Amino acid sequence: MDIYSKMSLLFHNDDRARQVIRTGRLNMPYYSFRGQEAIPSVVCSQLRDSDTISTIYRGTHDMLAKGCPVDKLWAEMAGRVDGTCKGKGGPMHITHPESGMMVTTGIVGSSMPIACGLAWANKLNGTDDVTVAFFGDAAGNIGAFHESLNLAAVWKLPVIFVCSNNRYGEHTKFEETCAVDSVATRAAAYGIPGHKVNGNDVVELYNVTQEAIDRARAGEGPSLIEANTFRFFGHVFGDDDAYMPAGEKEAAAAGDPWPNYRKFLTDGGYASAADLEAIDEAHKATIEAAVAFALASPWPDVQEMYRDVYAEELVP
Amino acid sequence: MDIYSKMSLLFHNDDRARQVIRTGRLNMPYYSFRGQEAIPSVVCSQLRDSDTISTIYRGTHDMLAKGCPVDKLWAEMAGRVDGTCKGKGGPMHITHPESGMMVTTGIVGSSMPIACGLAWANKLNGTDDVTVAFFGDAAGNIGAFHESLNLAAVWKLPVIFVCSNNRYGEHTKFEETCAVDSVATRAAAYGIPGHKVNGNDVVELYNVTQEAIDRARAGEGPSLIEANTFRFFGHVFGDDDAYMPAGEKEAAAAGDPWPNYRKFLTDGGYASAADLEAIDEAHKATIEAAVAFALASPWPDVQEMYRDVYAEELVP
Amino acid sequence: MSDKINMVQAINWAMDDAMAEDKKVLVLGEDVADHTGGGVVGITKGLSDKYGRERVVATPISETAFTGAAIGAAMMGFKPIVEIMLMNFMTVCSDMIVNHAAKLRFMSGGQTSVPMVIRTMTGPGMGSGGQHSDFMEVWYAHTAGLKVVIPSTPDDAYGLMRSAIDDPDPVIFVENMPVLWNPGDAPVRGSRIPIGKAKVIREGKDVSIIGYGRVIQNANAYAAKLAEQGIDAEVIDLRSVQPWDVETVLASVEKTGAAIVVHEAVKKFGPGAEIASTIHEHLHGRLRAPVVRIGAKYAAVPFSNVLETASVPSMDEIEAAVRSLVGVPA
Amino acid sequence: MSDKINMVQAINWAMDDAMAEDKKVLVLGEDVADHTGGGVVGITKGLSDKYGRERVVATPISETAFTGAAIGAAMMGFKPIVEIMLMNFMTVCSDMIVNHAAKLRFMSGGQTSVPMVIRTMTGPGMGSGGQHSDFMEVWYAHTAGLKVVIPSTPDDAYGLMRSAIDDPDPVIFVENMPVLWNPGDAPVRGSRIPIGKAKVIREGKDVSIIGYGRVIQNANAYAAKLAEQGIDAEVIDLRSVQPWDVETVLASVEKTGAAIVVHEAVKKFGPGAEIASTIHEHLHGRLRAPVVRIGAKYAAVPFSNVLETASVPSMDEIEAAVRSLVGVPA
Ligand SMILES: Cc1ncc(C[n+]2csc(CCOP(=O)(O)OP(=O)(O)O)c2C)c(N)n1
Ligand SMILES: Cc1ncc(C[n+]2csc(CCOP(=O)(O)OP(=O)(O)O)c2C)c(N)n1
Ligand SMILES: [Mg+2]
Ligand SMILES: [Mg+2]
């Protein structure tokens, strides 16, 4: 039920974000994750508050699933003073350490080296906390991926590398830029477990992530999970998707995780439609309130230019 | 015989370089390749003049094996105007395009991306020339390795990645920094052939490099060769080798390729000791002449500071 | 010349014309081929359809490898135009740019050279935040062996791109994102603008405003307003940061006796420091006041629109500087 | 204070003392552990034997990954000292330094911070050529969020390293290779030197020579010779480039009326431009002549000894500048 709740929150949040942007009330680059909801929902359902994550520009779902407050997230997307980062980071750099959401990066691949450090800290602290690095399929071709997986393996770091393979890096197909047919294959180059799973299938994903998280908590080192999925709204919201072969998106719709999981729960008698609707409605209300909160929040003071550059405030 | 000749040249050149440095006649950082002679000798014996190579600071053997003139090489190491690069590059940056020796880099890993470009040029030119990128085992952990192998595989570039695994990166053992027991294992992450061979065994090496070069010439794409070997004079000449376990160097001496190949040739009746000695003596004479040439060559004019920064000479 | 086009189109034309004339010209970078959209903002549109996917290649997200590939191909006589999508991403492949592209000619004693162009976009004003907006041209201008060009109009962009492609050395070509779609005079196809030659975009006698990129065009528009108030500013668009046109700048400041240097890069340790220092070195005793430098605030580029706007040089800052230099009270 | 030690030892002491006091202090980098030699030149010798291989870690050659690891650990409250062996190698992980370490505090609105030290060595004079000798401090000084320290003596190195480790923000600590083994006064263990405070190493009234690193120590030695000829130079060692001590510099130049700024980084678009511009901005009309900037030639660092020597600021250049500023003929 926790998983469903997360998925529902994510689904509705994305829906609302696109709508608010479309109606011109927010002006930001928005990288919709629609279609990828299952991955962070499942992964984060198995994480503690003290576990940490790092993610990417297309990471709002990861943040929400990890527990980042919806209202502060919206205020940050709106560039307001009540945002997680006082409006200074924006949608690509949301951070919320209280919920373990340590860093969001806009540089492809860079969530991974930093995740190694977060995990190293867990290890040095002698806890069994773990760290998850979220990233995309095309990030599997950049140097930071290679170095991080090797380092994590050599140091046996408690980190789980979760690759959301949505088949595209911007407008370029996975096959055109990656020499092997699966990112998970590359785990062998680091002597670590590599799992290729249907990232839209909650149960499959659950089992694999549990294994990887257990392994990390047990001090046995990192794992790589490739969760295959699809993004329904292109690279950045507003993109035209002429680069996609006709019918690809339609075909992918059959795997859309939120409706499927909903159906799975109701068909299997795990939950009633009414129960789920109640969850949905509660989230919608939360999101509505968050949007209102965000748009009512003041702009940051210009003096913020000089704050947080260093610990000590600068003199203009 | 060509292979023996190259090995002999390399062996004696290194010997002389260490001697000249020890006696204070040359002052330069020198990364001795002693023990690794077989690798470039075999590889370059199968290359044409129009094939290109890129190598690293520990690459004098690669250059000589590819045909870089001995006298110009020495003059460059001496920082003189008759050096390959007029003394401006030095031992870590020797270049000699006439012999296909395109670039020597001091940055770990960087011989590989540039080799991709040299190979891409071959392909665009429609020739069946190939490019060899030489590098060390510890370079297998840097991002440039990963990106280059993937790019070469995706673009099917005629490039052969030759890793001389001498068990150490500076003072750190291979096992301590690489998560798998062989660099060649990583070829699978790029869907290309990966060969792990005894880099001191001329015959084994010959077969494998022939296969890789043929494949590249045929337009079938890159290969990765890991040639296992040993460096007898540490990282940089003058190092103390306290970091090496006692006896390791002595044990490795049994695999020293030059004496072994010499013995192989004479024992097998492929050549007489006298023949080989004649080759050795000829090389020694060449080297002697090169040292004299280098030390007699004038220093570059200070005006060289302003030349070759751009095509057009700068005004001081 | 009366037709209007924007910079996206002008740069596209320059690459198109160069590719048509010389088959050694190559284009590579993420998404640059037509089946991948012809670049994220369409600057390379049509090129792969016209010149083939051998010469126009969509790369993996591997800036080190594909910049290296461009370097290698350039050493072999090709003329690659490599796109590193945004300037901040150049940090992942600075080794290739700084240790290799810039230095290979010198370190090889002139035996090899790297005639390549690195195209990159950047600029605050798009709400992209701290990792997608930086102007880092001073890094590359400080690195001997590179040239750095930052055009501000479509026709300049065309002519400078043609010169950059012709150039025997590596040129970093910075595209100012917020003005990419501004219309401007269409270039004469085939024309060149020499790298290192500034353009006096407005003549004046009271003060010299020197800069490049979007902000100098803004300053120029502003100068017309100042003129109504009797302040006659000369406005100089440097167009390239390295080499920069010392001669034109000194001639102007010698005439006006006062200078403002303005750019969107951070002021501290920014390009303006070199320009201001040079002016002082040559015109000591002939300046009414010290050269005023205006640049971005010393911080990462903030996301929030109010802060993003506050981070870059404003017309108010320029106006205040002009007034203080010409001695007119506000 | 009469004991003499060198900078290798001083930096080692600083790390040793910090590690003893605070178990959050970590050391990582290539070869830094004792079983791997305690660093290429032995600066980290003894640390892993003393504090264990958990806290002192020899890394793979993966600058991006291990700098990232240091950033992550720093965000979690550790104080990593990461060694990037030579400054030119920082180009392979500039993304981590510039887009992340420098900006995370700002972009997170102060929620996270990166209290780490990046140690790196560099400097022409070792015959290492174009890819092992660059001074790139201007890159990092231009990037808001970083501090840049370049000590010139063992006791400064100790005190500045202690401050760098204490600092709540990322500090780049540049070690000048050719002077690493020069003996100097031993530091008082436990002492700190504040980052951003210059040291007047020689008082004088005729001209201010301002700089940092090896070249300012040379200039200081030289000033004694000039004194014999009646030229009384004030010599200021900045010790840190960002922040730099504007106050001390301005006070000195106000007194002497003339300034020379000298560093081993390339002159063009170098750190000296910021310093010179700032001096002009504040002391216009009170300078006998424009500030003289002396830096490395605009080229890669050449290998050949004669060229390498010619590439860096020479005492002749400084002398010529001093003489022209004080009006004494040669
Ligand atoms: C180093 C770097 N290069 C290029 C980019 C531009 N860019 C942003 S997202 C992206 C595609 C990434 O694709 P993927 O990793 O599959 O993640 P997805 O966007 O599909 O979730 C690119 C090329 C970047 N941000 N950083
Ligand atoms: C990016 C980078 N990091 C660090 C160094 C310093 N360094 C020079 S050689 C070397 C070891 C390389 O080992 P390996 O690749 O095995 O080659 P070998 O020296 O053994 O031939 C290191 C760390 C460098 N030159 N470049
Ligand atoms: Mg993707
Ligand atoms: Mg090695």
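If you're wondering where the values come from, they're calculated on a predicted model, not measured in any experiment. Within every chain, numbering begins at 1; the chains are lettered A, B, ... in the order of the sequence lines, protein sequences first and strands thereafter.
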* Using heavy atoms and a sub-4.5 Å threshold, report which of residues 130-144 of chain B line up against chain C, by residue number. =>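 Hits under 4.5 Å: B/Ala144.
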* **chain C neighbours within residues 73-111 of chain B, where any heavy atom lies under 4.5 Å away** =>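 So the qualifying residues are B/Thr84, B/Cys85, B/Lys86, B/Lys88, B/Gly89, B/His93, B/Thr95, B/His96, B/Pro97, B/Met102, B/Val103, B/Thr105, B/Ile107, B/Ser110.
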Return the minimal non-hydrogen interatomic distance between [X] and [Y], and the atom names on each side.
X: C/Ala73; Y: B/Ala121; value: CA-CB, 4.3 Å
X: C/Ala69; Y: B/Trp120; value: O-CE3, 3.9 Å
X: B/Ser148; Y: C/Ala65; value: N-CB, 3.9 Å
X: C/Pro60; Y: B/Trp155; value: CD-NE1, 4.5 Å

Using a cut-off of under 4.5 Å for heavy-atom pairs, which of [options] has the most such pairs with chain B?
options: C/Ile71, C/Thr67, C/Val57; value: C/Val57
options: C/Met96, C/Glu54, C/Arg55; value: C/Met96
options: C/Gly109, C/Ala70, C/Ser113; value: C/Gly109
options: C/Ala102, C/Ser108, C/Gly110, C/Pro168; value: C/Ser108

For [X], does the [atom1] atom have more than 12 heavy-atom neighbours from other residues, nucleotides or ligands under 6.0 Å away?
X: B/Gln303; atom1: CD; value: yes
X: C/Asp49; atom1: CG; value: yes
X: B/Glu220; atom1: CD; value: yes
X: B/Glu313; atom1: CD; value: yes

First locate atom [atom1] of [X], then atom [atom2] of [Y], and finally report the distance between them rounded to the nearest 0.5 Å.
X: C/Met75; Y: B/Thr52; atom1: CE; atom2: OG1; result: 9.0 Å
X: B/Ile114; Y: C/His100; atom1: CD1; atom2: NE2; result: 4.5 Å
X: C/Phe78; Y: B/Leu124; atom1: CZ; atom2: CG; result: 4.5 Å
X: B/Asp308; Y: C/Leu104; atom1: CG; atom2: CG; result: 12.0 Å

* Region of C/Lys24 in contact with chain B, defined by heavy-atom distances below 4.5 Å ->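 Answer is side chain: those atoms of C/Lys24 sit under 4.5 Å from chain B.
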* Under 4.5 Å heavy-atom distance to chain B, tell me which part of C/Val92 shows up: side chain, backbone, both or neither. =>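 Contact with chain B involves no heavy atom of C/Val92 at all.
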* side chain to side chain contact (heavy atoms under 4.5 Å, CB included) assessment of C/Asp169 paired with B/Glu312 -> CA-CA 10 Å; C/Asp169 288 300; B/Glu312 227 173 284; over 6 Å; no
* To do: Quick one: which residue pairs count as a salt bridge (charged side-chain N to carboxylate O under 4.0 Å, His left out) with a foot in residues 68-96 of chain C, not counting sequence neighbours?
  =>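 Pairs touching residues 68-96 of chain C that pass the test: C/Glu83-C/Arg119.
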* Do any N or O atoms from the side chain of B/Tyr310 and from the backbone of C/Leu146 form a donor-acceptor pair under 3.5 angstrom? ->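 Present.
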* **Any residue meeting side chain to side chain donor-acceptor pair (under 3.5 Å) with C/Asp167, in chain and number order, not counting sequence neighbours** =>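 Applying side chain to side chain donor-acceptor pair (under 3.5 Å) to C/Asp167 gives C/Lys147.
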* **Among B/Glu147, B/Met112, B/His146, residue most engaged with chain C (heavy-atom pairs, under 4.5 Å)** =>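 Heavy-atom pairs under 4.5 Å are most numerous for B/Glu147.
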